[in-house]
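Whatever order the structure lists them in is the order used to number ligands and atoms, beginning at 1. We count residues from 1, following the sequence as given.
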Amino acid sequence: MHYAFPHDFWWGSASSAPQTEGNSLGGGKSATIWDHWFALQPERFFQQVGPRDTSTFYQHWREDIALLKQTGHNSFRTSLSWARLLPVGRGKINQQAVAFYNQVIDELLAQGITPFINLFHFDMPQVLQDLGGWENRLVVEAYTEYAALCFGLFGDRVKYWFTFNEPIVPVEGGYLYDFHYPNVVDFERAATVAYHTMLAHAGAVRRYREMGRDGEIGIILNLTPSYPRSQHPADLQAAKNADLLFNRSFLDPALRGRYPQALVDLLEQYGQRPESRPGDSEVLAAGVVDLLGINYYQPRRVQCRSNQVNPDSPFMPEWFFEAYQMPGRKMNPWRGWEIYERGIYDILTDLRVNYNNPRCYISENGMGVEDELRFLHDGRIEDDYRIDFVREHLIWVHRALQEGSRCLGYHIWTFIDNWSWSNAYKNRYGLVQLDLATQRRTVKKSGSWFAEVARRHGFHKEVNDGQ
Ligand code: BGP
């Protein structure tokens, strides 16, 4: 069968400034929380590889953009670094950064690749973290200024803007589960960070519209469908709770301009509701996006709790559900994540049916593999597993499109093997292999396959080809 996609479908990939640029303390850039945390606790990073050792996009941007072209990209998402553009968080602009980003944007356009620009990918400038980061409303204000600066500097050429990538991840990592700096474990503070992030988002959207720039603005959310263990009402409720806390907590403000009442009630009931101020709801209402980016890697399977919550234990989302490991689930054994291709269709269907079918696209989806050199044959990574992974997800995207979803494109995570926070280079995701020692780039089998899919606007799959 031939799976044909629209001729203007976006084919590309996603990446981010902190994961690719390198030169993380050079070119006038100041430290982010990543530079800071690595200096404090290098042992928390896989093989002690830190944010300075990324894929050197700062030096090799021209070569990398040529590789984007070679691997079939008509669009590419990356982020700008706040700490590079505004080393003290606000005020004085670093002109080296402006020149760098201008070159990148101009070269992308010259190669016929549409830039999708995200403003924040987990990389809070340390000077602002020192003021309390997202817990401090001053930082929300500073972010809005930073966003407006970017719209002013680059908005003549950049037509697709995103305020945040996966804004829930710094909340989870930094304030609940200890995998990002500042390694706090405190739900109330986490809820404040989440709330302020969405105020920052909405403030930036409002500024963008006030500036009258010709383009679209959105947000990128990791939407993880929650599947119950069974149809038992207690399991169904557990899945609903997980969905409320991890998806709708960001999805509803982004698409409806307000929080779900059920979430407000739940936080109220447990005394965890963050402090709001007069005028906040108007700001949030202005944050409804033009375009939604969807990151999807794996589903969340849940069941009701098997024991009673100890009311003296710290309040956590897990008070309302328990993780469930479904027997027989399909796994990516080299990352330890479940593969459930249909999840991508379920997200698109939920958006179509329950959220008025927003303009959206798949902004991240991909397969991480540890120790990928085991698949090196004759100088090339033969990553058939990645081709299967992408193709099977695309088949479900195709089905959603046929049913009327307004999904406009597919961006794989990621273009080149890149540095991934405290996992550093553990899991490789690229269409292009990176040799960390030599910085040599080699297109993987999936890179050539992806280029072909983009060129043909789709692919052919025999119904019983066994793949
Ligand atoms: C996503 C992030 C990316 C990237 C990816 C892979 O959630 O947006 O920045 O890091 O996950 O993660 P990992 O390397 O942990 O497998």
Look at [atom] and say which protein heavy atom is nearest, naming residue and atom and giving the distance to 0.1 Å.
atom                    : value
atom 14 (O) of ligand 1 : S420 OG, 2.6 Å
atom 1 (C) of ligand 1  : E364 OE1, 3.4 Å
atom 3 (C) of ligand 1  : W413 CZ2, 3.5 Å
atom 16 (O) of ligand 1 : Y429 OH, 2.4 Å
atom 15 (O) of ligand 1 : N423 ND2, 2.9 Å
atom 7 (O) of ligand 1  : E166 OE1, 2.8 Å

**Prompt:** Judged by modelled atom types alone, do N418 and T20 share a side-chain donor-acceptor pair under 3.5 Å?
**Reply:**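 Side chains of N418 and T20: no pair found under 3.5 Å.
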
**Message:** Checking D35 against S24: is there a side-chain donor and acceptor pair closer than 3.5 Å?
**Reply:** yes

**Message:** Under a 4.0 Å threshold between the charged nitrogen and the carboxylate oxygen, would R77 count as salt-bridged to E364?
**Reply:** yes

**Request:** Can you sort out which atoms of ligand 1 are near Q19, meaning under 4.0 Å from one of its heavy atoms?
**Result:** 4 (C), 9 (O), 10 (O)

**Where ligand 1 meets Y297 - atom numbers and elements under 4.0 angstrom, heavy-atom basis** =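 Per the distance check, 1 (C), 5 (C), 11 (O).
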
Where does the angle between the aromatic ring planes of [X] and [Y] fall among parallel (under 30°), tilted (30 to 60°) and perpendicular (over 60°)?
X    : Y    : result
W82  : F120 : perpendicular
W421 : H180 : tilted
W37  : W34  : tilted

**Message:** Using ring centroids (six-membered ring only for Trp), state whether Y410 and F5 fall under 6.0 Å.
**Reply:**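 Distance test on ring centres: not under 6.0 Å, no.
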
**Prompt:** Should the proximity of K426 to ligand 1, defined as any heavy atom under 4.0 Å, be assigned to the side chain, the backbone, both, or neither?
**Reply:**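 For K426, no heavy atom sits under 4.0 Å from ligand 1.
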
**Prompt:** Side chain or backbone of V169 under 4.0 Å from ligand 1, or both, or neither, by non-hydrogen atoms?
**Reply:** neither

**Prompt:** Should N295 be counted as touching ligand 1, given the test is an N or O pair under 3.5 Å?
**Reply:**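 Between N295 and ligand 1 (N or O atoms, distance only) the closest approach is not under 3.5 Å.
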
